[in-house]
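By convention here, the first residue in the shown sequence is residue 1. On a predicted model such as this, the values are computed, not experimentally measured, just so you know.
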Amino acid sequence: MAPQFQIRADYDADTIVVYQAYAPAIADAALRAGRFVAPYSFHRMTWIKPSFSWLMHRSNWARKPGQERVLAVRITRQGWEEALSRAVLTTADPAAVAQAAVHVQWDPERSLRGAALNHYSIQVGISRELIRTFTDEWIVSLTDLTPQVRKAAALTQTGHAAKAQRLLPGERPYPLPRTLESRLSPGRVSP
């Protein structure tokens with residue numbers, strides 16, 4: 001059984017993959033430029049998620065308006081851990097949350113069909129204060145996963161969940177430094 005609060009992600013020695021869903025205009029411009037550019041907003045918080053399944057739930061498998069395109073955003077582990085070192089849990093004191101450069105929220109992980117599981121997935125909100133660092137320094141590459149997402153959704157809907165599961169990115173426990181682990185531990189979270 002998975003620990004209740006654990007970051008699971010697709011990562012290598014230097015990078016980690018997080019997922020985001022966007023409107024086609026934002027995704028197309030970003031993919032052409034190889035980085036986020038207008039019409040991407042640099043003036044509001046952006047949420048990154050290392051759990052592919054959670055983003056599929058959130059974007060309704062790239063069918064929710066404004067979230068029709070799913071991007072795998074490969075960022076440096078150094079940037080990821082810098083963000084986490086500056087994070088405040090969204091369940092903390094509201095004044096601390098309001099001042100934080102990075103917000104962390106734990107939500108129930110999701111199954112392939114969207115059911116809530118008994119362990120949690122992390123979401124990380126990068127504020128306007130850090131957005132340029134995220135887009136200009138941490139991002140290594142952007143990959144459009146939309147065709148893969150659509151195929152997996154169709155397989156799931158037609159009763160071929162095992163085939164759909166094989167299309168999902170592999171995720172494994174992410175080895176957090178102990179200081180970050182204790183900083184991000186929510187203690188108790190109610191679903």
- line: Asp28 meets the salt bridge (Lys or Arg N to Asp or Glu O under 4.0 Å) criterion, sequence neighbours left out, with Arg69
message: Asp12: which residues meet the salt bridge (Lys or Arg N to Asp or Glu O under 4.0 Å) condition with it, sequence neighbours left out?
response: Arg74
Separation of [Y] [atom2] from [X] [atom1] (nearest 0.5 Å):
X	Y	atom1	atom2	value
Thr143	Leu71	OG1	CG	8.5 Å
Arg113	His57	CZ	NE2	15.0 Å
Tyr40	Thr46	OH	OG1	3.5 Å
Arg150	Glu68	CZ	CD	8.0 Å
Ser85	Leu180	OG	CG	6.0 Å

- prompt: Can you say whether the rings of Tyr174 and Trp80 are parallel (under 30°), tilted (30 to 60°) or perpendicular (over 60°)?
  reply: perpendicular
- prompt: Would you call the rings of Trp106 and Phe5 parallel, tilted or perpendicular, where under 30° means parallel and over 60° means perpendicular?
  reply: perpendicular
Non-neighbouring partners of Asp107 that pass side chain to side chain donor-acceptor pair (under 3.5 Å), sequence neighbours left out: Gln105, Gln123
task: Quick one: list whatever passes side chain to side chain donor-acceptor pair (under 3.5 Å) with Arg166, sequence neighbours left out.
output: none
message: Clusters formed by hydrophobic residues whose side-chain heavy atoms approach within less than 4.5 Å: which one holds Leu167, and what are its other members?
response: Leu155
Non-hydrogen atoms of [X] and [Y] that approach each other most closely:
X	Y	answer
Trp54	Arg110	CD1-CG, 4.0 Å
Ala152	Leu168	CB-CD2, 4.4 Å
Thr76	Ile16	O-CG2, 4.3 Å
Val70	Ser59	CG2-OG, 4.5 Å

message: Filter on side-chain hydrogen bond (donor to acceptor under 3.5 Å, both in side chains), then keep only pairs touching residues 125-139, sequence neighbours left out; what's left?
response: Arg86-Glu129
field: Sub-4.5 Å side-chain heavy-atom contact between Gln6 and His119
entry: no
field: Student check: side-chain heavy atoms of Phe42 and Val37 closer than 4.5 Å
entry: no
- prompt: Is there a donor-acceptor pair under 3.5 Å between the side chain of Gln20 and the backbone N or O of Trp47?
  reply: yes
- prompt: Quick check: does any side chain N or O of His103 sit under 3.5 Å from a backbone N or O of Val97, one acting as donor and the other as acceptor?
  reply: yes
message: Checking Ser121 against Lys49 for the side-chain contact (heavy atoms from CB on, under 4.5 Å) test, could you report, in this order, the C-alpha distance in whole Å, the side-chain angles of both residues, the deciding distance, and whether it holds?
response: CA-CA 8 Å; Ser121 177; Lys49 302 144 189 85; 5.9 Å; no
